[in-house]
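Following: one structure in structure tokens, then a few remarks.
Counting convention: from 1, in listed order, for ligands and their atoms alike.
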Amino acid sequence: MTQPLWTAVDGYFNDSLGANDAALDHALAASRGAGLPAIAVAPNQGKLLNLLARSIRAKRILEVGTLGGYSTIWLARALPEGGRLVSLEIDPHHAEVARKNLAFAGLDGVAEVRTGAGIELLPKLAAEGGPPLDLTFVDADKPSNADYFGWALKMTRPGGMIIVDNVVRGGAVVDENGDASVQGVRRLAELIAREPRVDATALQTVGDKGYDGLLVALVKS
Ligand code: SAH
Ligand code: DHB
Ligand code: MG
């Protein structure tokens with residue numbers, strides 16, 4: 001029960017339940033063509049992000065780590081009329097590819113990609129004020145997970161959600177002496193454990209992207 005079967009099962013559900021279309025396929029193909037790494041969320045994971053955003057009626061979404069905008073498209077499509085998404089990306093080339101992919105998907109008026117380091121852009125975003133966030137997807141440099149989570153929490157409404165990608169890393173998360181990414185996840189778990197404002201859980205996932213997992217935190221009402 002390993003990778004080929006995980007990939008086949010992902011394919012089965014993505015085909016039977018629907019998790020692909022022209023704009024999403026275009027985003028992946030254009031990202032690959034532009035030399036971006038193939039590390040976007042899987043189609044069924046993107047769809048889960050979309051369903052979660054819709055289930056809490058998210059109107060204001062933040063993403064940290066845009067890459068080619070694949071997860072951004074899934075999230076932006078969850079927004080109602082007047083909804084807004086801001087996605088932060090440190091690599092100007094990734095940001096440029098993402099902006100084009102969002103335009104191709106008809107979402108350039110809804111989703112804005114800001115270029116810069118998350119840790120520099122987040123305080124600026126917070127200082128802008130405006131309505132609170134409903135949902136944040138943290139999917140950038142893993143050592144900074146806890147910092148991103150902290151900023152997201154400051155800006156999120158009660159009942160809002162914060163989702164963090166890649167918290168399992170092939171199981172490496174249980175290694176107390178793991179690499180900087182593992183330490184980033186473990187620091188996040190420690191932060192959440194002593195944070196009374198959120199309830200959280202994490203799920204291990206297998207699939208086309210291998211063995212990894214997602215953390216989902218809900219800001220208490
Ligand atoms: N969310 C995307 C995948 C993101 S991959 C999707 O699922 O489609 C991680 C991205 O985070 C990369 O594009 C990388 O350039 C970006 N990144 C890395 N360090 C960052 C930082 N310090 N600030 C903002 N973005 C960063
Ligand atoms: C990597 C980053 C991701 O966000 C991901 O989903 C998978 C892999 C990486 O940096 O290797
Ligand atoms: Mg990821």
Fill in the blank from the handout: heavy-atom search around atom 7 (O) of ligand 1 in the protein gives V41 N, 2.9 Å
Problem - Distance-only donor-acceptor check, side chains D10 and N44, under 3.5 Å - result: yes
Exercise for the section: Taking only heavy atoms of G116 into account, list the atoms of ligand 1 that are under 4.0 Å away from them. Expected result: 23 (N), 24 (C)
Exercise for the section: Mark up the atoms of ligand 2 that fall under 4.0 Å of a heavy atom belonging to D165, in ascending order. Expected result: 6 (O)
Practice task
Within a distance under 4.0 Å of any heavy atom of H94, pick out the atoms of ligand 1 and give their elements.
Solution key: 12 (C), 13 (O), 15 (O)
Exercise for the section: Report the nearest protein non-hydrogen atom to atom 20 (C) of ligand 1: residue, atom name, distance rounded to 0.1 Å. Expected result: D141 OD1, 3.4 Å
Fill in the blank from the handout: Between V185 and V167, the two heavy atoms sitting closest are CG1-O, 3.4 Å
Practice task
May I ask whether V64 places a heavy atom under 4.0 Å from ligand 1?
Solution key: no
Handout entry: Nearest protein heavy atom with distance in Å, relative to atom 26 (C) of ligand 1
Key = I90 CG2, 3.5 Å
Handout entry: Nitrogen or oxygen of A40 less than 3.5 angstrom from that of ligand 1
Key = no
Exercise for the section: Considering non-hydrogen atoms only, spot the tightest contact between P37 and L67 and give its length. Expected result: O-CD2, 3.7 Å
Problem - Any donor-acceptor N or O pair under 3.5 Å, side chains T115, R99 - result: yes
Handout entry: V41 and ligand 2 - part of the residue with a heavy-atom distance under 4.0 Å
Key = neither
Completion exercise
If you scan protein heavy atoms around atom 6 (C) of ligand 1, the nearest is S71 OG, 3.0 Å
Practice task
For the residue pair L214 and L48, establish whether any side-chain heavy-atom pair is separated by less than 4.5 Å.
Solution key: yes
Practice task
Count the heavy atoms of every other residue, nucleotide or ligand shown that sit under 6.0 Å from CZ of R57, and state whether that count exceeds 12.
Solution key: no
Problem - K209/D165 ion pair, N-O < 4.0 Å - result: no
Handout entry: Nearest-contact summary for atom 5 (S) of ligand 1 - protein heavy atom, Å
Key = I39 CD1, 3.7 Å
Practice task
Do me a favour and list the nearest non-hydrogen protein atom to atom 15 (O) of ligand 1 with residue, atom name and distance?
Solution key: E89 OE2, 2.6 Å
Exercise for the section: Determine whether the side chain, the backbone, both or neither of D165 has a heavy atom under 4.0 Å from any heavy atom of ligand 1. Expected result: neither
Exercise for the section: May I ask you to test the L62-L88 pair for a side-chain heavy-atom distance under 4.5 Å? Expected result: yes
Handout entry: Close approach, Y148 and ligand 1, non-hydrogen under 4.0 angstrom
Key = yes
Fill in the blank from the handout: A student checking ligand 1 against E63 at a 4.0 Å heavy-atom cut-off should list atoms 1 (N)
Problem - Minimum-distance atom from the Mg ion (ligand 3) among N, O or S atoms of D165 - result: OD2
Practice task
Tell me, please: is R169 in heavy-atom contact with ligand 2, that is, under 4.0 Å?
Solution key: yes
Problem - Sidechain-backbone polar pair: D212 side chain, R169 backbone, donor-acceptor under 3.5 Å - result: yes
Handout entry: Backbone or side-chain N/O/S of S71 under 2.8 Å of the Mg ion (ligand 3)
Key = no
Practice task
Pick one of side chain, backbone, both or neither for how I39 approaches ligand 2, counting any non-hydrogen atom pair under 4.0 Å.
Solution key: both
Problem - Distance filter under 4.0 Å to A117 heavy atoms, resulting ligand 1 atoms - result: 23 (N)
Problem - Any N, O or S atom of D139 closer than 2.8 Å to the Mg ion (ligand 3) - result: yes
Exercise for the section: Answer yes or no: is there a donor N or O on one side and an acceptor on the other, between the side chain of D91 and the main chain of H93, under 3.5 Å? Expected result: yes
Problem - Interfacing atoms of ligand 1 (cut-off 4.0 Å, heavy-atom, L67) - result: 2 (C), 3 (C), 4 (C), 5 (S), 13 (O)
Handout entry: atom 23 (N) of ligand 1 [closest protein heavy-atom partner, distance rounded to 0.1 Å]
Key = G118 N, 2.9 Å
Problem - Short N-O contact, E128 and R84, less than 4.0 angstrom - result: no
Handout entry: Shortest non-hydrogen separation from P43 to N20 and the atoms involved
Key = CG-OD1, 3.7 Å
Handout entry: Exercise: identify the closest heavy-atom pair between V113 and A98
Key = CG2-CB, 4.2 Å
Problem - Shortest protein contact, atom 7 (C) of ligand 2 (heavy atom only) - result: N166 ND2, 3.6 Å
Completion exercise
When distances are taken from atom 3 (C) of ligand 1, the protein heavy atom at minimum range is D139 OD2, 3.2 Å
Completion exercise
Heavy atoms of N145 and G184 approach each other most closely as CB-O, 3.7 Å
Exercise for the section: Check if K142 has a non-hydrogen atom at a distance under 4.0 Å from any atom of ligand 2. Expected result: yes
Exercise for the section: Please report the shortest heavy-atom distance between A19 and L24, naming the atom on each side. Expected result: O-CD1, 4.2 Å
